[in-house]
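Below, chain A is the first sequence line, B the second, and so on; all start at residue 1.
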There are 2 protein chains.
Amino acid sequence: MIRVVIAEDQGMVLGALASLLGLEPDIEVVGRAPDGPAALDLVASLRPDVLLSDIEMPGMTGIEVAARLGEARSATRVLIVTTFGRAGYLRRAIDAGVRGYLLKDSPAERLADAIRQVAAGGRLIDPDLAATAAFAPPDPLTDRERAVLRLAQDGRSNKEIGRALDLSPGTVRNYLSEAAAKLGASNRIEASRIARDNGWL
Amino acid sequence: MIRVVIAEDQGMVLGALASLLGLEPDIEVVGRAPDGPAALDLVASLRPDVLLSDIEMPGMTGIEVAARLGEARSATRVLIVTTFGRAGYLRRAIDAGVRGYLLKDSPAERLADAIRQVAAGGRLIDPDLAATAAFAPPDPLTDRERAVLRLAQDGRSNKEIGRALDLSPGTVRNYLSEAAAKLGASNRIEASRIARDNGWL
DNA sequence: CCCGGCAGGTGACATCTGTCACCCCTGCGC
DNA sequence: GCGCAGGGGTGACAGATGTCACCTGCCGGG
């Protein structure tokens, strides 16, 4: 019997996934978490074979949860199931020690097999995303550029961004200009959009 | 027996919802559609009691589907299940003749009851969202302002927006300035964000 | 026919942005 | 000690943006 904990912040999807897995004779859903910290606690106390986790959750992302489990030498393997087919997310997930990465776009039938594969010690990445990611350019941004873009994307001015990051407005402008050049964007809005779409923010 | 068609573009969620409803003795999932047009076709051919539909789908949104069904005097009642708790979406959904509106955030247990209620001719709106929406300000934007904001949000310049909408760049600036003033924003980026978050775009 | 309202436009002005060349530190390898 | 890379900063300039007052043409109602 494969023991699984599910972490997913959308209650309806959480329940639906649980019922989907409930149909499988060799899989047992032993716990459900609505956010990152709860997932971490449940894995610590229940020690399931697999944690099936979303990425975007309150408190902590699924990727952070995976990283924490890795640090704690947990035996639980993490399988990410997410909406976002962004190459940058996949990259970070793999670096965090995740064992599988599926998209919610793919057919539901794939899920149980993915869990079996991961539980058996295998690895698994959504094939479409793997192909995309293999040819995607790597993240060209520096930490500063990322920070500045994050603030720029919700309308802060150079002056405000400078205050927030303790930089002069002129320097903020330089970073944004650099970032736009790297991303082939013609202004901060386009630059943030490109970075966001690639999962670099 | 309540006959239901599900429209949802994320395969995994579609399958999971179907299995969730499969547990209910009085509900039968008779069809599944991965996009708007397919949903419309399925409803036309299967004439289910209820269409359970997402909003954001390829081809046509769930709200548009509901509007088309209304025009066609279809007896099928539409229940929206969506991620987005945006007051503007709810408003438009109701105007389109939708009979229920649930959030994916709410617990899975609510779904089956919602379907029964809608199938029986009742109406149902997620209580939290209903409360929020009741106090939310109405959409203050004109069609022009909306169009301009939509283009501004992905980084087009005044000149480009003008070309796209066949307006002079100066007029575009005026619309954006107007919109920002109405929304209490200090620039086009913030204005687009506010409008988007409220479901006004 | 006249008037008011409304969509669209113009011009002027202050700011903000984007681009670029160049400066100042600090740390580090030699 | 020298050189130099890298983070941060400055100044100047062109062009984009935000704000506002005011103009035009068109339409629908008195």
Between A:R91 and A:N198: side-chain donor-acceptor atoms closer than 3.5 Å: no
Indicate whether any N or O donor in one side chain lies under 3.5 Å from an N or O acceptor in the other, for A:N158 and A:R188. yes
Which residue lies more 5' along DNA chain C, comparing A:K159 with A:A180 via nearest heavy atoms: A:K159
Rounding to a whole Å, what distance do you find between [X]:[atom1] and [N]:[atom2]?
| X | N | atom1 | atom2 | value |
| --- | --- | --- | --- | --- |
| B:R173 | C:dT15 | CZ | P | 16 Å |
| A:E178 | C:dT17 | CD | C1' | 16 Å |
| B:N158 | C:dG9 | CG | P | 13 Å |
| A:L151 | C:dT17 | CG | P | 13 Å |

Tell me whether A:R110 is salt-bridged to A:D113, with the criterion being a basic N under 4.0 Å from an acidic carboxylate O. no
Check B:E8 with B:K104, please: is the shortest side-chain N to carboxylate O separation under 4.0 Å? yes
Does NZ or CZ of A:R92 lie under 6.0 Å from the centre of the six-membered ring of A:Y89, at an angle within 45° of the ring axis? no
Does B:A119 offer a backbone N or O that forms a donor-acceptor pair with the side chain of B:R77 under 3.5 Å? yes
Which atom pair, heavy atoms only, marks the closest approach of B:I55 to B:Y101? CD1-OH, 3.4 Å
At their closest point, which heavy atom of A:L103 faces which heavy atom of A:S106, and how far apart are they? O-OG, 2.6 Å
What does the list of N/O pairs under 3.5 Å between the protein and nucleotides 4-8 of chain C look like, with a distance for each?
| unit_1 | atom_1 | unit_2 | atom_2 | d |
| --- | --- | --- | --- | --- |
| C:dG8 | OP1 | B:R144 | NE | 3.4 |
| C:dG8 | OP1 | B:R144 | NH2 | 2.9 |
| C:dG8 | OP2 | B:R144 | NE | 3.1 |
| C:dG8 | OP2 | B:Y175 | OH | 2.6 |

Report the residues that fulfil salt bridge (Lys or Arg N to Asp or Glu O under 4.0 Å) with A:R193, sequence neighbours left out, ordered by chain and then residue number. A:D197
Could you tell me which residues satisfy salt bridge (Lys or Arg N to Asp or Glu O under 4.0 Å) with A:D128, sequence neighbours excluded, listed by chain and number? none
Which nucleotide span of DNA chain D, 5' end to 3' end, has atoms closer than 4.0 Å to non-hydrogen atoms of chain A? D:dG7 to D:dA12
Quick check on contacts: within residues 187-197 of chain A, what sits under 4.0 Å from DNA chain C by heavy-atom distance? A:N187, A:R188
Just distance, no hydrogens or angles: give the donor-acceptor pairs under 3.5 Å from side chains in residues 36-47 of chain B, sequence neighbours left out.
| unit_1 | atom_1 | unit_2 | atom_2 | d |
| --- | --- | --- | --- | --- |
| B:S45 | OG | B:D41 | O | 3.3 |
| B:S45 | OG | B:L42 | O | 3.3 |

